[in-house]
Amino acid sequence: MVDISIKRYIAWRAAQELQTGVVNLGIGIPTMVADYLPRGKVTLHSENGILGVGPSPAPEEEDPDLINAGKAPVTIQPHSSFFDSSLSFAMMRGGHLDATVIGALQVAQNGDIASWAIPGKDVLGVGGAMDLVAGAKRVIVATTHVTPKGEAKILPKCTYPLTATKRVDTIITEYAVFKIRQGKLMLVEKIDEISFEDLLTITGASYQIAEDFRTVVREQAMLELV
Amino acid sequence: MVDISIKRYIAWRAAQELQTGVVNLGIGIPTMVADYLPRGKVTLHSENGILGVGPSPAPEEEDPDLINAGKAPVTIQPHSSFFDSSLSFAMMRGGHLDATVIGALQVAQNGDIASWAIPGKDVLGVGGAMDLVAGAKRVIVATTHVTPKGEAKILPKCTYPLTATKRVDTIITEYAVFKIRQGKLMLVEKIDEISFEDLLTITGASYQIAEDFRTVVREQAMLELV
Amino acid sequence: MNDVRKEIIKTNVKFLSAEEAVSKIPNKARMMVGGFGRTGIPEKLLEAVIETTDLDGFTIISNNISEGSNLHHLFMGGRIKKAIGTYYTTSKEVVKAYRENRIEIELLPQGTLSEALRLGGSGIPAFYTPTSAGTELANNKESRVFNGREYVLEESLTAEVALIKAYKADKAGNLIYRKSARNFNPLMAMAADITIVEVDEIVEVGKLDPEEIITPFIFVDVVVKGGDTVNG
Amino acid sequence: MNDVRKEIIKTNVKFLSAEEAVSKIPNKARMMVGGFGRTGIPEKLLEAVIETTDLDGFTIISNNISEGSNLHHLFMGGRIKKAIGTYYTTSKEVVKAYRENRIEIELLPQGTLSEALRLGGSGIPAFYTPTSAGTELANNKESRVFNGREYVLEESLTAEVALIKAYKADKAGNLIYRKSARNFNPLMAMAADITIVEVDEIVEVGKLDPEEIITPFIFVDVVVKGGDTVNG
């Protein structure tokens, strides 16, 4: 299993991309992003009909009518509003969300993403993922660099069923940050703890080094994470 | 000009068709239908976003934010609600209105209606008429039997630009009531004051006498009208 | 205005017991059921369907079939023939039934389901959405390019019956909802021939602010008083 | 929960003067303007466009161009090139300008306009409607039969700017409307790149009930305090 602190690093790094606006966070590592967002500046959207999702309530304050898209009890903020699912998805599909952070099974170098189904398994759940990816202004994938079996997730082409084509903007892993610019995968950040060679080896896709490429020290950032 | 009491008779007769439910009334004679509806049983819809339109306010109680589709000040009723234009037209187009009463320039024997434009004139206003006629469960045309020039309005085929095809259910004039059943124009009511021959003469369309045909005495009804 | 306020208003909305209400459901009905997760589900109406009727062969339109809900109990009773929704993997029993061909499943993206309901109730039979373009879910669906992007043609949804959950109804049938229990409920109210609503509370006409009403009574056919807890 | 209520919230919504707000409008803009009749029109914003800018060549999407309104004044100043809406016959001047080829007019049924705005803001580029099928307004439009009835394909509407009128905004940018002044305003708020709202009142965050908010701040870019009268 991946160390929780590695997941936290990915979530923290994704949060650095979000300094303002409205964001929808997917399940898994993306959910943790909430812990690292600047207070009071980023509003969370939940596709079941809440704009302005607050922190988890104390157990005695849970309200069965107030849950997020992951079906967990939540609170609201002072500027929150409730609405039906149609308006909620209008926000997504209409391009009104500044960003979404989601996990992925595979991401292709052209921005294709596969996040909802595995070949050969029954396809019985899609939820709001396709609308989110189709609609958000920025699609940020926050994921471990490779699968638990060590297989590359960032690929020349997805082999799993797609969630959407050419919609991913940024890929954030524990080792690197990629951006897809003009349909090309660009490496914009690498942690100092991994060599260029090793990064290339664990990445299935080919990429270029961006002009604004930088190296960061992950250990330093991780020391500050709760 | 048509005597106001004739218009009132047409409006009163149309109101007899409406004993319950939600109705949208068009401009002109249809507006007068409101005066003859059973109190508290028929709710009026206004396409600018009101369900439950009440009577006209006293001048000192007029509210510029509370108008009907004819842009006249109105009041609301205890069970009223306000909504945006999209929900308002969803009510119409989605078949949720029990009936609409509208005027017409021409009605065809197959239920086609022309009510919004005259050939050769600029076509610069349609408003909500097409949605109303396309969507209401029953389309009741309330109109004088002939034009001010004496031309027939109930025709084999409309020659004016259509508002909708095959949507009219009932035609109410000062002389007669027609229903369109299985695409055929049927005479269901005639006032005693006009002969069958004369009615046929002023009606451009051909029609059959319905099984449930009846004769009524208009003068009697009119005596009771305000 | 005060005179008008005192007016007695009668709409066509009926106020019935759960048992009377569900007796209006035809057999093998295409039926919408509100709720997301365990929130906003008309549990009492579903209970009445299970306990007081022999109805089966349902085609259910709902976001999912949540374990523990009465919709899941209806499914476990073998009374659901087909389910149209977005997420069924949370119930192992549903997945199992699907594999054993005991239930048919039609999967839609959640935004497509939402809009198909709202437009189904709005007289719009079909629409183009960017969602699912280029994916397996668009297989066998028409697609078309507008302004350089690919969109999928989706048909809107209607049904014979909707069972929905609201917070309060007034005695005319106007509805308001509570927090995230609103979800699909107002959309389904619009999209069915018969809309049956379970509410926590029935209030006098005039008690709901006309600016605040989410579902005007025109979309409602039957109101049933549910439990007194906020979660029905 | 009380702690959360005290949280200070900053959204991207800007609070500006009318003059600052309209300075964000590009020249020859495709611009939506709220209102039906004289109700719910952002009069002060339109006044600022007329008085403080040289903008012209507008394509205006609005139900109509009401005589006496500032939208009509903008038109009378020769600054509207094209109008998309439902009803222009109430202004003799507009009819005259149309005959003299001084204004282009695209006429839509009112329900088609409403839904084209809502869907334009919802990422749905086109939809089928029964309205206008078989009439002149469907000339040159595609039609298609669903379940035996003919429907017309209509494209949704978007714009660079929407000028709308609301009743109150909170300091996050959430909006509520007043009575029939709601009309097209919430729909246009969704459908434009920049949505500028004129409100009668600006209240603290937390003063609007989250169940009651009609336009969540996500659809709003700029809020301008208008006049103190209910009709702006």
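Throughout, protein chains are lettered first and strands after them, A, B, ... in sequence-line order, and every chain is numbered starting at 1.
- Using a 4.5 Å cut-off between heavy atoms, Tyr98(D) contacts chain B through its side chain alone, with no backbone atom that close.
- Annotation: side chain of Leu163(D) is in contact with side chain of Val49(D) (closest heavy-atom distance under 4.5 Å).
- For the set Gly125(B), Ser85(B), Ala164(B), the entry with the most heavy-atom pairs within less than 4.5 Å of chain D is Ser85(B).
- Electrostatic pairing of Glu67(D) and Lys92(D) does not count as a salt bridge here, judged by no charged N lying under 4.0 Å from a carboxylate O.
- Looking only at heavy-atom pairs under 4.5 Å with chain B, the residue among Glu136(D), Glu150(D), Glu106(D) that has the most is Glu136(D).
- Only the side chain of Phe89(B) comes within contact range of chain D, with heavy atoms under 4.5 Å apart.
- Proximity to chain D is absent for every atom of Val74(B), based on heavy atoms less than 4.5 angstrom apart.
- Interface remark: of the candidates Gly127(B), Gly128(B), Ala134(B), Gly49(B), Gly127(B) forms the most heavy-atom pairs closer than 4.5 Å to chain D.
- Counting heavy-atom pairs closer than 4.5 Å to chain B, the top-ranked of the candidates Val95(D), Asn185(D), Val94(D), Leu187(D) is Leu187(D).
- Of the two parts of Asn68(B), only the backbone, made up of N, CA, C and O, holds a non-hydrogen atom closer than 4.5 Å to a non-hydrogen atom of chain D.
- Look at Glu43(D) and Lys165(D) and you find no salt bridge, because none of the NZ, NE, NH1 or NH2 atoms lies under 4.0 Å from a carboxylate O.
- In this structure, chain D has a heavy atom under 4.5 Å from the backbone of Thr163(B), while its side chain stays farther away.
- With a 4.5 angstrom heavy-atom cutoff, Ile67(B) touches chain D via backbone and side-chain atoms both.
- Interface remark: Leu108(D) contributes backbone atoms only to the contact with chain B (heavy atom separation under 4.5 Å).
- Of the listed residues (Ile50(B), Leu162(B), Asp112(B)), the one with the most heavy-atom contacts under 4.5 Å to chain D is Leu162(B).
- Using a 4.5 Å heavy-atom threshold, the side chains of Phe219(D) and Val197(D) count as separate.
- The pair Arg102(D)-Glu100(D) meets the salt-bridge criterion, since a charged nitrogen lies less than 4.0 angstrom from a carboxylate oxygen.
- Taking the six-membered ring for Trp and the full ring otherwise, Phe146(D) and Tyr128(D) have centroids separated by under 6.0 Å.
- Pro186(D) touches chain B through its side chain: at least one heavy atom from C-beta onward sits under 4.5 Å away, while N, CA, C and O do not.
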Full working for side chain to side chain contact (heavy atoms under 4.5 Å, CB included) between Ile176(D) and Leu208(D): CA-CA 8 Å; Ile176(D) 62 168; Leu208(D) 301 182; 4.0 Å; yes
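- Ring orientation note: the planes of Tyr207(B) and Phe178(B) are nearly perpendicular, at an angle over 60° on the 30°/60° scale.
- A salt bridge links Lys179(D) with Asp63(B): the closest approach of a Lys/Arg side-chain nitrogen to an acidic carboxylate oxygen falls below 4.0 angstrom.
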